[in-house]
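All remarks here apply to the structure that follows.
Numbers here simply count residues along the sequence, with the first being 1.
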Amino acid sequence: MGKLLYGPTIEIIFDDRVLAHLQLVIGAKLRRDESFFFSWRDEQSVGDGRSTIWLDSAIPMVFRYNGGRMPKINREWLELLTQSSNSAAGLQLTEEVGALGKTSEE
């Protein structure tokens, strides 16, 4: 399990595979100086709700991976995440779909 460290106090735990996809989407947006919301479903251990943060390039961010290898990137899932990041609601973390994850029919 990896961590997304945002600002001085926010630490969010994600699977390394999820974190790798988030890094690509978030990095592309912030590289273009686009600020946006990022939402995800919380783990049951912290209340099983939803959390949302405002991402901005002025706030320090670190992607800390547990494993030493970069996970394979699922282009279909990456595209879905990118599309959501461009919506008014911002980036919505969804379950993986496509060739390396679940199919959309499951």
Side-chain angles (χ1 to χ4, degrees):
M1 297 301 264
K3 294 179 183 177
L4 173 61
L5 307 169
Y6 189 64
T9 60
I10 298 174
E11 182 177 294
I12 313 154
I13 297 172
F14 293 109
D15 179 81
D16 278 1
R17 181 165 183 70
V18 172
L19 197 58
H21 287 77
L22 291 174
Q23 179 182 341
L24 293 172
V25 174
I26 292 169
K29 297 280 288 181
L30 295 181
R31 201 171 22 256
R32 294 187 300 265
D33 276 334
E34 296 176 12
S35 300
F36 58 102
F37 285 111
F38 168 43
S39 300
W40 65 93
R41 183 148 178 99
D42 293 321
E43 294 289 324
Q44 194 164 356
S45 63
V46 294
D48 202 27
R50 290 194 60 76
S51 292
T52 301
I53 56 175
W54 179 252
L55 295 176
D56 186 276
S57 60
I59 301 170
M61 184 180 326
V62 175
F63 296 86
R64 183 168 294 148
Y65 294 89
N66 189 45
R69 291 187 184 165
M70 182 69 164
K72 290 190 186 246
I73 299 302
N74 176 335
R75 296 289 173 196
E76 185 178 347
W77 189 31
L78 185 65
E79 180 60 30
L80 288 173
L81 293 171
T82 300
Q83 286 174 8
S84 79
S85 76
N86 292 321
S87 72
L91 174 57
Q92 304 287 315
L93 180 58
T94 60
E95 288 192 35
E96 184 173 3
V97 296
L100 298 175
K102 297 177 181 176
T103 64
S104 54
E105 286 103 33
E106 289 185 303

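Linking ILVMFWY side-chain heavy atoms closer than 4.5 Å, directly or via other members, places I10 and L4 in a single hydrophobic cluster. Hydrophobic clustering of Ile, Leu, Val, Met, Phe, Trp and Tyr side chains at less than 4.5 Å, counting indirect connections, keeps I53 apart from I13. In the hydrophobic clustering of this structure, L93 groups with Y6; members are Ile, Leu, Val, Met, Phe, Trp, Tyr whose side-chain heavy atoms approach within less than 4.5 Å, directly or through other members. L19 and M1 are members of different hydrophobic clusters when ILVMFWY side chains are connected at heavy-atom separations under 4.5 Å. L78 and F14 end up in the same hydrophobic cluster when Ile, Leu, Val, Met, Phe, Trp and Tyr side chains are linked at under 4.5 Å.
Listed by first and then second residue, the ring pair (Phe, Tyr, Trp, His ring centres under 6.0 Å) pairs involving residues 51-80 are H21-W77, F37-W54 (not counting sequence neighbours).
Put simply, the side chain of F36 reaches to within 4.5 Å of the side chain of L30, judged on heavy atoms. Under the 4.5 Å side-chain criterion, counting only non-hydrogen atoms from C-beta, L22 is not in contact with W40. Counting heavy atoms from C-beta outward, L24 and L81 have side chains that stay 4.5 Å or more apart.
Under a cut-off of 6.0 angstrom, the local environment of CZ in R32 is crowded, with over 12 non-hydrogen atoms contributed by other residues, nucleotides or ligands. Heavy-atom neighbours of R50 CZ from other residues, nucleotides or ligands within 6.0 Å: above the threshold of 12.
With N66 contributing its side chain and D16 its backbone, the two residues share no donor-acceptor pair below 3.5 Å. Checking side-chain atoms of R41 against main-chain N and O of T94 turns up no donor-acceptor pair under 3.5 Å. Put simply, the side chain of K29 gets close to the backbone of S85: a donor and an acceptor are under 3.5 Å apart.
Minimum heavy-atom separation, S84 to Q92: OG-N, 3.1 Å.
Taking CG from D56 and CE from M61, the interatomic distance works out to 8.5 Å, rounded to the nearest 0.5 Å.
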